[in-house]
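Per chain, numbering begins at 1; letters A, B, ... match sequence-line order.
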Amino acid sequence: MISLKDLKNAFLVSLWFVFLTFPLMVIKVNPFERTIDWRWQNMGYVAAGSFICYLASRFFLASKAAKQKKQKLLDIPDKPKSDWQQRLLSEPRLYLPVLGVILAILLIFPQIFSTYQINIMITALMYVVLGLGLNIVVGVAGLLDLGYVAFYAVGAYSYALLNLHFGLGFWAVLPIGGLLAAGFGIILGFPVLRLRGDYLAIVTLGFGEIIRLILENWNDFSRGPSGISNIPRPGFFGMEMTLNQSISYLYYLMIALVIFTIFVVNRLQNSRIGRAWFALREDEIACQAMGIDKTRTKLSAFSLGAFWAGMVGVIFAAKTTFVNPASFTFLESAIILCIVVLGGMGSIIGVIIAALILMLLPEYLRAFSDYRMLVFGATLVLMMVFCPLGIISTVRRTYTIDKNLKTSNDREDYT
Amino acid sequence: MEYFIELFFSGLTRGSIYALIALGYTMVYGIIGLINFAHGEIYMIGAFTSFIVATVLSILGFPLLAIFVIAALAAAVWSSAYGFTVEKLAYKPLRNAPRLSPLISAIGMSIFLQNYVLLAQTSDFMPFPQLIPEFGFMEPIAGIIGSSDLVILLTTAVVMVILTWLIKFTRIGKAMRATAQDRTMAMLVGINVNHVISVTFIIGSALAAIGGLLIASHVGQINFFIGFIAGIKAFTAAVLGGIGSIPGAVLGSFILGLTEAFATGYVSSDYEDVFAFSLLVLILIFRPSGLLGKATIEKV
């Protein structure tokens, strides 16, 4: 499999990387004591690592190419890669038992595991909802939003502030936070309607940063970088709860929210407006020519996506009982975006799996916690290069109209 | 009035640093239509490399001028190497992928490089050696414009002239302009597009590295995180001027630098970044393709 030429190339690649990483990996200076620390062993690691990585990628690409060639020779039509996945997802007979088992595990989860584990799980579930929310904007409507965390911040701060000043409870603020975030989504949406993809990305990024900077600097309003503490946890008809109970309670709340979100997002995607979003993603001009109102469609995507972020923000504030602007940096937006992309844009199941993997893996790989973000960045690049469609790629829903049935404009029977 | 002039020069200094970084963004965007998110990190790596080299040389007792020159060269060489490698690893395989894929790959690369420097070096702020001395002849006006401001302005001016010459009059510059106009057509007339793209990345990275060296010795400290905000601001500047346009990037950078300097000087320094982003949003609302950018009409 591996030829001499590959070995030679691998050697050259590793030489290049040794050169590339030389100043940063090998030399470490201490300007205070004026000492230089030469870490030659790092050079060896880099050389060996890049050598192996190069060979591995060659091997991967070669086997992929060979497979394609074989398929072409035997004249096998390009089968969709995730055949069994699609079958599993499309037949209720197959996926209902699986779903039941997962639900059962999720329901008894707090009884088995420690509070620490439940807390991690709550965070992961929060990211599932955030991912599903952003999926509406990025995955379905194709509007690249790099400032999604701003809406999350709006939700969190609306609970913190409304509770602080007006004493409003969790349940009252949950919808208010969502609606406020949706309002901000529309405020952001209006000016950027005319912008094309990349400009849109940078403006949303700027918007996210503006919100964070205002929260950080407007001390009278948000108490600045020190944040707001002592936010009450969600109540249950005024019942007194211990810490453990309230965490399990929050967990079930989160499960309910996830199920609700999945339900709504699923229904939305197959609705009239959902199809309009898909159409907008594919081709704006064709979409307008078909009589779709671009303004309304884009704004609805922005505000609906923001709505979920706002609700999760409220829950975040209730979970940590403390909010400060440091929780809402660009990195959060990037992580949520990665969830959507890794999951396969527009695919609900994919987003859920990606959110769970991205959030749970780092928690359980604590030993590598220093390398967490490094691996995270590398995963994004590798994913895009080797598997750009995500973990589970979406399959277009096809609609066929039964000719014998009289179909009205809005109804369709799908197989 | 003196305060005004002082702010004006500090704005120009900021602007020239933004310009050095923004040029890399705008050149790459012009040629492959990609927001190179990792560009801010390339700038940071340039600053870090020059920090390491300069500190090592100053410990070994080299004269100041030699340190400055060698550190600048090392920063430019290694930043270019990083820019080149990043393009080959993260963008080249995605050249025909949907638009979003290379962008996400770029975000991933940016996170990776940041943490790579964090792990390989340190998370602390490091003191950057003062490479630009206080010139004697600058003393009478030192309150208005410092020596390092002068060096930054002059260096930027020289770099701009060289870059303009390179793009307008050399063979590779012509090839770059052709590739930016129409990549397929450029290939048909025999331009090696991959080569042109690599050169673009190399030039852009070297410019960013020089910017990194200058700003780090101006500010006097350095950290693995400096690339992010500088990258975003430089990108803002590039978009302001119309991304893809080289004079636009320079104009946008100076507008951004001056706006920030005056806003922080006369209004409040807490909201420095807010002014920058608000300016961006405002300009994009009224001129969606930037100040000097060509409005593209999508033909069907």
Which region of [X], side chain (C-beta onward) or backbone (N, CA, C, O), has a non-hydrogen atom less than 4.5 Å from a non-hydrogen atom of chain B, or is it both or neither?
| X | answer |
| --- | --- |
| A:S57 | neither |
| A:F17 | side chain |
| A:V29 | both |
| A:W218 | both |
| A:L205 | side chain |

Taking side chain as everything from C-beta outward and backbone as N, CA, C, O, which of these in [X] sits under 4.5 Å from a heavy atom of chain A? Side chain, backbone, both or neither.
| X | result |
| --- | --- |
| B:Y116 | both |
| B:S110 | neither |
| B:F224 | neither |
| B:M126 | side chain |
| B:F84 | side chain |
| B:L89 | both |
| B:L119 | side chain |
| B:I35 | side chain |
| B:F228 | side chain |
| B:L94 | side chain |

Between B:P127, B:A276, B:S278, B:P102, the one whose heavy-atom pairs under 4.5 Å with chain A are most numerous: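 Of the candidates given, the most pairs with chain A belong to B:P127.
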Identify which of B:I107, B:L280, B:T236, B:V56 forms the greatest number of heavy-atom pairs closer than 4.5 Å to chain A.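 Among the listed options, the one with the most contacts to chain A is B:V56.
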Do any of residues 69-78 of chain B come closer than 4.5 Å to chain A, heavy atom to heavy atom, and if so which ones, in number order?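 Checking residues 69-78 of chain B against chain A gives B:V77, B:W78.
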Has A:Y45 got more than 12 heavy atoms of other residues, nucleotides or ligands less than 6.0 Å from its OH?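 At most 12 heavy atoms, drawn from other residues, nucleotides or ligands, come within 6.0 Å of this atom.
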Can you name the closest pair of heavy atoms from [X] and [Y] and give their distance?
| X | Y | answer |
| --- | --- | --- |
| A:R34 | B:S58 | NH2-O, 3.0 Å |
| B:T85 | A:W16 | OG1-NE1, 3.0 Å |
| A:K28 | B:Q121 | NZ-O, 2.9 Å |
| A:V385 | B:P93 | CG1-CB, 3.8 Å |
| B:V117 | A:L24 | CG2-CD1, 4.1 Å |
| A:V381 | B:G108 | CG2-C, 3.8 Å |

